[in-house]
Amino acid sequence: MSFRKYKRYVEEGDVVAIHMGRDTLKAVTVVKDEIQSNKLGSFPHNDWIGREYGSKVYSKKGSFVYLLHPTPELWTLMLPHRTQILYLADISFISAYLELKPGSRMIESGTGSGSFSHSIARTIAPTGHLFSFEYHEERANLARQEFKDHGLEDLITLTHRDVCKDGFGLSDTVNAVFLDLPAPWEAVESAKKAFKQHRTGKICTFSPCIEQVSKTVAALNEHKFVDITMFECLIRNQEVYSVKKLTVDHAIQNIRYMDARRKENKAKAKRSIDEMKGHTSYLTFATFLPVEAGTAPAATE
Amino acid sequence: MSAALETATVPAITTEDDISEDFPHIKADQCLFLQLPSGNVKQITLKPDTKIPLGKFGTFKANALIGQPFGLTYQILNNSGDIKPVRNTALEDIESTEANNREIFDSKDAQKLTHEEIERMKREFPDEADEESIIKKIIESHSSFEKKTEWSKAKYVQRKKKKFSKEFTPMRPTLYSVAEYFFERNPEKIGFLRVDTLAQILNFANVHAEARYLVVDDTQGLLISAVAERMGGYGQIMGIHDGLSSNYDVLRYHNFSKRILDSISTLPWTMVDKDEPTSDGWVEFTEEEFEGLTDREKINYTRRRKTVKRIEAARAVLNEGGFDGLIVASQYLPMSILDRLLPFVAGSRPVVIYNINKEVLIDAFLHMRSSKEYVGVQMTESWLRRYQVLPGRTHPEMTTSAGGGYILSAYRTFDTPNPHLDASKTEEQSEAKKAKTSQ
Ligand SMILES: C[S@@+](CC[C@H](N)C(=O)[O-])C[C@H]1O[C@@H](n2cnc3c(N)ncnc32)[C@H](O)[C@@H]1O
């Protein structure tokens, strides 16, 4: 089982995303003879083994769940939160801006709950590599175990380290850097060294406050990063509601026949005013320039 | 393999993808974007032994750019088109002063040199050193220049510099830069698909290497290019298209390697139907029959045979089914696409449909929400805001795209019957039947 490669049928040892209803997901490892008990009922794992992913499976009492193949996107929705995490809107935009693709080599810090790490590893596989840094020891250990359980071990090197104090310890290695830290500006200098020195690279810092952005921009500027820019992106969920087509004639009718009709006339479609995420963080981006600026090497065949 | 896109449509210039090859320099015959001092972006193909004209910014020799690194700014030195790399201009920290703009009348009259005079100066001093002096002259003749704040002075200089410098910055086409280029230049061509929305589609669809995707792309190839870039040539893409042959123009701009181009197969809509013959009246000749043909007939036959084989191979790929996702950005109603293509999608795989208009997605959205063939059905709208970041002057950009469109996404599921329940139900039913007939 792996988050980076699909399979068709459920096998023992797989991590399965159990879909229990809208927005209710749970990650379960399939173990022979085990029973998964949740608010809907008890589901024997033995019923799942050999089923095609996407199948509906039943409890003894007839309630059902769907077995979904794990993906980084589903993992973001069901992972154990040890920190604040990144969600799809930011993850996808950052991945595009940082030009992630198979073969990319990237730094991420901190690892946190590993939401973004899963997505990065999937995107840069099979030939890329992620260097992830986390200074909270327990978080680092938990994430390392998850990467292993999810078949991402060979794609991610997780280092337990304070990157602001001790740097990344990498040079001439990566194409992209992502910093989700309280003080990203303290890691900019070391990030600069980590970039592949002979080609352009991209950096992104993720900070909720504008004051952090100012300090980061100053540091990026000082270290000669260019094309400094900033974005905010959000996803707004859309619903479709049925609305009664009422006219003023209805109002007049209603008044005329008020007594007779009083009860029937409550509107059926009830719409609550939804809340949405209004702010996650500011995404500050910049470009690393090759050092040999000005002394361009001769053309190669 | 034979199902690959004919390389005649999109020539591959490398065998390996740029990043694995790790070639940081500009190559001959590459597609490039050139950032111009005006802020505009020009797209070129770097044909060796040619001169590339950049309008008022001059003309440069293509050969001079081949083998040079990306990311630098290049200055055109003279009329013969020689260039020299200069530093890319980083954001400059500009001290702000207490002075303000109160006394400045920033009317056209403040600039005493006329446009004609400036143009004449440019013609007379085509050299780099002279460029500085032109700008200096312009500034000197600006009557209220000294009164401007440091900030607006800097901005003014920058604006003038930009307008008159003969510079350009080559940029590597990437998923991001290609999407941005078309969105700014010709959004209709790409179905108004904004880059953040495109990025979301790729994540909703869990696009990655070593998988197989079914793609319906009416964005002239923007979508399929993005999927191809994210797969790096590992895996398979099946594009279903209008007309007899695909029109994935955007593929051209990516400098894709042969491996990536070879991972793309295409089929017209008619070929999705299993009962449709691949080619009416196509008969394979025996060797003898072939030898009996005239030269012209041989060429025609060979060409036709190649097409038939390509389509047959692509149909075999499609009919294998079990695709790892269905990704759609099309002018056709989503339900009509789902009816035809859902059977080819494996269980638990994402179905992701983009449209600029929410209304187009509503029927499919309601259908999916009530169907047992999908879970996790959601419709989302993307929102993006870009900022100017300057010391003490950070703010959102004043104008922005008003909408990034909508994405309908879901996971494909199966309405598997409950084995226990079904058995008892049929028993109950047959017993009830028995009871009825015996009555
Ligand atoms: C908000 S979380 C990152 C969440 C992550 N991006 C995700 O999507 O799950 C920030 C993490 O950075 C770690 N961190 C903070 N400062 C650090 C430093 N100087 N070096 C390494 N890790 C650090 C914290 O312990 C925390 O786990």
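Numbered from 1 within each chain, the chains take letters A, B, ... in sequence-line order.
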Mark yes or no for whether A/D14, through its side chain, and A/V16, through its backbone, hold a donor-acceptor pair below 3.5 Å. no
Looking only at side chains, do A/T123 and A/S95 share a donor and an acceptor under 3.5 Å apart? no
Cation-pi geometry met for B/R259 and B/Y234 (6.0 Å, 45°): yes
Checking B/V377 against chain A: side chain, backbone, both or neither under 4.5 Å from a heavy atom? neither
Verify whether one side chain among A/S115 and A/T76 offers a donor that lies under 3.5 Å from an acceptor in the other. yes
Per the side-chain hydrogen bond (donor to acceptor under 3.5 Å, both in side chains) rule, which among B/R349, B/H208, B/Q236 passes with B/D324? B/R349
Under 4.5 Å heavy-atom distance to chain B, tell me which part of A/V57 shows up: side chain, backbone, both or neither. neither
B/K27 versus chain A, heavy atoms under 4.5 Å apart: side chain, backbone, both or neither? neither
Spacing of CG belonging to B/L202 relative to CG belonging to B/L175, to within rounding of 0.5 Å: 6.0 Å
Per-residue contacts, residues 378-387 of chain B versus chain A, heavy atoms under 4.5 Å: B/Q378, B/M379, B/T380, B/E381, B/S382, B/W383, B/L384, B/R385, B/R386, B/Y387
Please determine, by modelled atom types, if B/T197 and B/R194 share a side-chain donor-acceptor pair under 3.5 angstrom. no
Verify the distance criterion only: is there a donor paired with an acceptor across the side chains of B/Q68 and B/H25 at less than 3.5 Å? no
Which atoms of B/F204 are under 4.5 Å from chain A, going by heavy atoms: the side chain, the backbone, both sets, or neither? both
Under the criterion ring pair (Phe, Tyr, Trp, His ring centres under 6.0 Å), which of A/F178, A/F206, A/F285 is the partner of A/Y97? A/F285
Name, in order of residue number, those residues of residues 360-370 of chain B that have a heavy atom at a distance of less than 4.5 Å from a heavy atom in chain A; otherwise write 'none'. B/I362, B/F365, B/L366, B/R369
Is it true that atom CZ of A/R236 has more than 12 heavy atoms of other residues, nucleotides or ligands lying nearer than 6.0 Å? no
